[in-house]
Asker: 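Have a look at this one.
So that the names make sense, note that chain A is the first sequence line, chain B the second, and so on, each numbered from 1.
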2 protein chains.
Amino acid sequence: MKRIPEASIHRLNLYLRTLKELAKNSEDVTVSSKQLAEELGINSHQVRKDLSYFGKFGQRGIGYRTKELADDINKILGLNKKWKICLCGLGNLGSALISYRGFRKEGLNVVAVFEKDKDKIGKTINGIDVFSVERMNRVIREKNIEIGIIAVPADAAKSVASQLIDAGIKAILNFAPIKLSYPQEKVRIRNVDLSIELVNLAQFLANISKKS
Amino acid sequence: MKRIPEASIHRLNLYLRTLKELAKNSEDVTVSSKQLAEELGINSHQVRKDLSYFGKFGQRGIGYRTKELADDINKILGLNKKWKICLCGLGNLGSALISYRGFRKEGLNVVAVFEKDKDKIGKTINGIDVFSVERMNRVIREKNIEIGIIAVPADAAKSVASQLIDAGIKAILNFAPIKLSYPQEKVRIRNVDLSIELVNLAQFLANISKKS
DNA sequence: TTGTGTGAAACTTTTCACAGCC
DNA sequence: GGCTGTGAAAAGTTTCACACAA
């Protein structure tokens, strides 16, 4: 099998989301690469090429069966397994994330929240238990949690990350505005920077005003 | 001048941030492409190549002057202008964003917040006035606001976007989990999806467990 | 006629190799 | 010896063109 472009895999995520929405909102059973492409602002060749890396999913003259293609992509991406996730920090950002539409979707279920504030510990939010930070190691091991989300202030992020890693977590999504990196190959860390997109926009505006 | 890769421009943002941090934390006046690359987990050729598209900034045998290079990149990216920003929605996500470190940084100043909840209107948060949604058009025009951040629930996002566009906003950063797109070339829209990164992590985990 | 699947071409981006300067 | 700047090669990605099927 040939090497598959990284970018193609990322686009599969987008296709999957679009397909799920189409399956819900539209009565059409099938969808063409052109429709799918238009939804995402790309061209149809790209859609077909991306899919062709993994097999033949469509029917000539007709298109793809929406529901079936969604299932196939789910399998390709390995999203048929449900991952257990914990959220660290229940401040504004943490609260926003826990109620974010899409975090409860297939394959992504938050099963524990860790928080320092004693007023919040012991309660539940969206049906999920809020534990004290001290119990992190135990709870993660007991529940077999695999992914941790860090939504604590920047100065606490490093210590929380260490605790997560000690508890054997496999991947971390970090929202704190600080770069986390560990030499270990044990854990995969992704840093999300909410301000970088804003900077990109500012830069885009700067450039169009230069040109005109 | 040759075409400059989109990716290079995005990396300049990262270089800038790293340089600013180095300027603060380290006593060294200079930095080499290798150091810079290591901070970001890329290779030094890339750093030098990216910079070379815009000119010669370093000194052979020595490296780059940290502070000066930061200033140069600032100019290249057009970030020496300060953009005026408004935030729509002061729920959990909006509150998280307004206090996010980095949103107050150079070039990015939020000057107004719009919110539906009457209890919040008329107050200030971080010194920024909270206005009723009805006054959006007027306030944006009066203050010459150029960028809007949408942090309202998905079902309100489209209407808020239309209002922003009517008021003459130039760019929108959308955090609502719904794809916004307008045919007009008048406004640049970027959709941020907080769940896509989590899906990517899940998929990464799925793939390493497949291989082992 | 509509729409997939795919090799080949075109284009973009990254990596390499090394001349040149401190 | 250390480090930049850059043309050229390699690698990666997107677009094109068209055979083929419903």
Side-chain angles (χ1 to χ4, degrees), chain A residues 1-16 18-19 22 26-73 76 200 207, chain B residues 1-16 18-19 22 26 28-73 76-77 200 207:
Chain A
M1 202 203 232
K2 296 167 220 164
R3 243 201 104 287
I4 291 156
E6 185 80 5
S8 292
I9 302 207
H10 277 90
R11 278 192 300 270
L12 286 189
N13 283 310
L14 303 177
Y15 301 158
L16 180 56
T18 309
L19 286 166
L22 285 176
S26 143
E27 294 107 66
D28 295 347
V29 180
T30 59
V31 63
S32 71
S33 57
K34 204 179 158 204
Q35 281 174 274
L36 211 43
E38 270 167 13
E39 288 285 328
L40 294 163
I42 59 177
N43 72 46
S44 64
H45 299 104
Q46 187 117 63
V47 174
R48 294 204 301 280
K49 190 67 164 181
D50 287 341
L51 292 173
S52 80
Y53 288 123
F54 299 95
K56 301 180 187 192
F57 305 99
Q59 281 199 275
R60 302 185 176 192
I62 294 181
Y64 305 90
R65 298 187 145 267
T66 315
K67 188 77 193 63
E68 283 177 22
L69 184 56
D71 289 347
D72 287 335
I73 294 180
I76 293 168
N200 283 170
N207 284 10
Chain B
M1 204 201 230
K2 296 166 219 163
R3 243 200 104 289
I4 291 157
E6 184 81 4
S8 292
I9 301 206
H10 277 91
R11 278 192 300 270
L12 286 188
N13 283 312
L14 303 177
Y15 301 158
L16 180 55
T18 309
L19 286 167
L22 286 175
S26 141
D28 296 347
V29 181
T30 59
V31 62
S32 71
S33 57
K34 204 179 158 204
Q35 281 174 274
L36 211 43
E38 270 167 12
E39 288 285 329
L40 294 163
I42 58 176
N43 71 47
S44 63
H45 299 105
Q46 187 118 63
V47 175
R48 294 204 299 281
K49 191 66 165 184
D50 287 342
L51 292 173
S52 81
Y53 288 122
F54 299 96
K56 300 177 187 192
F57 304 99
Q59 282 199 274
R60 299 184 178 194
I62 294 181
Y64 305 88
R65 299 187 145 267
T66 316
K67 188 77 192 63
E68 283 177 23
L69 184 56
D71 289 346
D72 287 335
I73 295 180
I76 293 167
L77 295 177
N200 283 169
N207 284 9

Asker: Kindly state which residues belonging to residues 30-39 of chain B come within less than 4.0 angstrom of DNA chain D, counting heavy atoms of the residue only, listed by number.
Answerer: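 Those residues are B:Ser32, B:Ser33.
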
Asker: Let me have DNA chain D in dot-bracket notation, would you? Count Watson-Crick plus G-U wobble pairs, both distances under 3.5 Å, and use [ ] for pairs crossing earlier ones and | for inter-strand partners.
Answerer: ||||||||||||||||||||||

Asker: Taking only the side-chain nitrogens and oxygens of B:Gln46, find out if one of them lies under 4.0 Å from OP1 or OP2 of C:dT15.
Answerer: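 It does, given that an N or O in the side chain of B:Gln46 lies less than 4.0 Å from OP1 or OP2 of C:dT15.
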
Asker: Please determine whether a side-chain nitrogen or oxygen atom of B:Arg11 lies at a distance below 4.0 Å from atom OP1 or OP2 of C:dT14.
Answerer: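 Looking at the OP1 and OP2 atoms of C:dT14, one of them is under 4.0 Å from a side-chain N or O of B:Arg11.
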
Asker: Tell me the interatomic distance from B:Asn43, atom CG, to D:dA11, atom P, rounded to whole angstroms.
Answerer: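 For the pair B:Asn43 CG and D:dA11 P, the rounded distance is 15 Å.
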
Asker: Residues in side-chain hydrogen bond (donor to acceptor under 3.5 Å, both in side chains) with B:Asp50, at least two apart?
Answerer: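 Expected list: B:Ser8, B:Arg11, B:Tyr15.
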
Asker: OP1 or OP2 of C:dG5 versus the side-chain N and O atoms of A:Tyr64: is any pair under 4.0 Å?
Answerer: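 Result: yes.
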
Asker: Among residues at least two apart in sequence or on other chains, which ones pass side-chain hydrogen bond (donor to acceptor under 3.5 Å, both in side chains) with B:His10?
Answerer: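 For B:His10, the residues satisfying side-chain hydrogen bond (donor to acceptor under 3.5 Å, both in side chains) (neighbours in sequence not counted) are A:Asn200.
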
Asker: Using atom names, set out every protein N or O paired with an N or O of nucleotides 19-21 of chain D below 3.5 Å, distance rounded to 0.1 Å.
Answerer:
{"residue": "D:dC20", "atom": "O2", "partner": "A:Arg60", "partner atom": "NH1", "Å": "3.0"}

Asker: Just list the side-chain donor-acceptor pairs under 3.5 Å for residues 54-70 of chain B, sequence neighbours left out, or say none.
Answerer:
{"residue": "B:Thr66", "atom": "OG1", "partner": "B:Val29", "partner atom": "O", "Å": "2.9"}
{"residue": "B:Lys67", "atom": "NZ", "partner": "B:Asp71", "partner atom": "OD1", "Å": "3.1"}

Asker: Please give, in whole Å, the distance from D:dA11 C1' to B:Lys49 NZ?
Answerer: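 Distance, rounded to whole Å: 14 Å.
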
Asker: Determine: side-chain N/O of B:Tyr53 to OP1/OP2 of D:dG7, distance under 4.0 Å, yes or no.
Answerer: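 Negative; the distance criterion is not met.
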
Asker: Rounded to whole Å, how long is the line connecting atom CG of A:Leu69 with atom P of C:dT4?
Answerer: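 Those two atoms, CG and P, are 11 Å apart.
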
Asker: Could you give the NE2-to-P distance, from A:His45 to C:dG5, as a whole number of Å?
Answerer: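 Rounded to whole Å, this separation is 13 Å.
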
Asker: Nearest to the side chain of A:Arg48, which nucleotide is it out of C:dT4, C:dC18, D:dT13?
Answerer: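 Of the candidates, C:dT4 comes closest.
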
